[in-house]
Amino acid sequence: NALGLDVTAVGNHEFDEGTAELLRMQRGGCHPTAGCFGGDGFDGASFDFLAANVVSVDSGESLLPGTRIIERGGATQLLQQRIAHGAGRA
């Protein structure tokens, strides 16, 4: 959050602690197994996590958005992230 990012792309290491922790880093809350560490939990990222081809095994729905459009100084940019095959089984 301190860097002022608009987006970040998830990679295989964002899945190291499972999808519940990945979604907590995006949306906020307490750690899925360690709890809140004596507080109310993390507020969540102020920027989007992108993962175009990562779907939930349970629902078949996209886990995170795959694209984001940013407009700055009269220019429009489309940002998209795809993760390597097999790395994003949620």
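For clarity, every value in this text was computed on a predicted model and none was experimentally measured.
Summarising the geometry, atom CD belonging to Gln26 is positioned 9.0 Å from atom CZ belonging to Phe42; distances are rounded to the nearest 0.5 Å.
Only one option out of Val55, Thr19, Leu23 pairs with Leu64 in a side chain to side chain contact (heavy atoms under 4.5 Å, CB included); it is Leu23. Partner Leu79 forms a side chain to side chain contact (heavy atoms under 4.5 Å, CB included) with one of Thr67, Leu50, Ile69 and no other, that one being Leu50.
Across all their heavy atoms, Arg68 and Asp6 have their closest contact at NH1-O, 2.8 Å.
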Open item on the list: Using side-chain contact (heavy atoms from CB on, under 4.5 Å), reason through Asp16 and Leu22 one step at a time and then give a plain yes or no.
Closed with: CA-CA 9 Å; Asp16 286 353; Leu22 172 63; over 6 Å; no
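By the side-chain hydrogen bond (donor to acceptor under 3.5 Å, both in side chains) test, Glu21 pairs with Arg24, sequence neighbours left out.
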Donor-acceptor pairs under 3.5 angstrom involving side-chain atoms of residues 32-39: please list them, not counting sequence neighbours.
from, atom 1, to, atom 2, distance (Å)
Thr33, OG1, His31, ND1, 3.3

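The closest side-chain heavy-atom distance from Phe49 to Val54 is not below 4.5 Å. Between Met25 and Thr8 the shortest side-chain heavy-atom distance does not fall below 4.5 Å.
Residues Val10 and Phe47 fall within the same hydrophobic cluster, defined by Ile, Leu, Val, Met, Phe, Trp and Tyr side chains chained together at heavy-atom separations under 4.5 Å.
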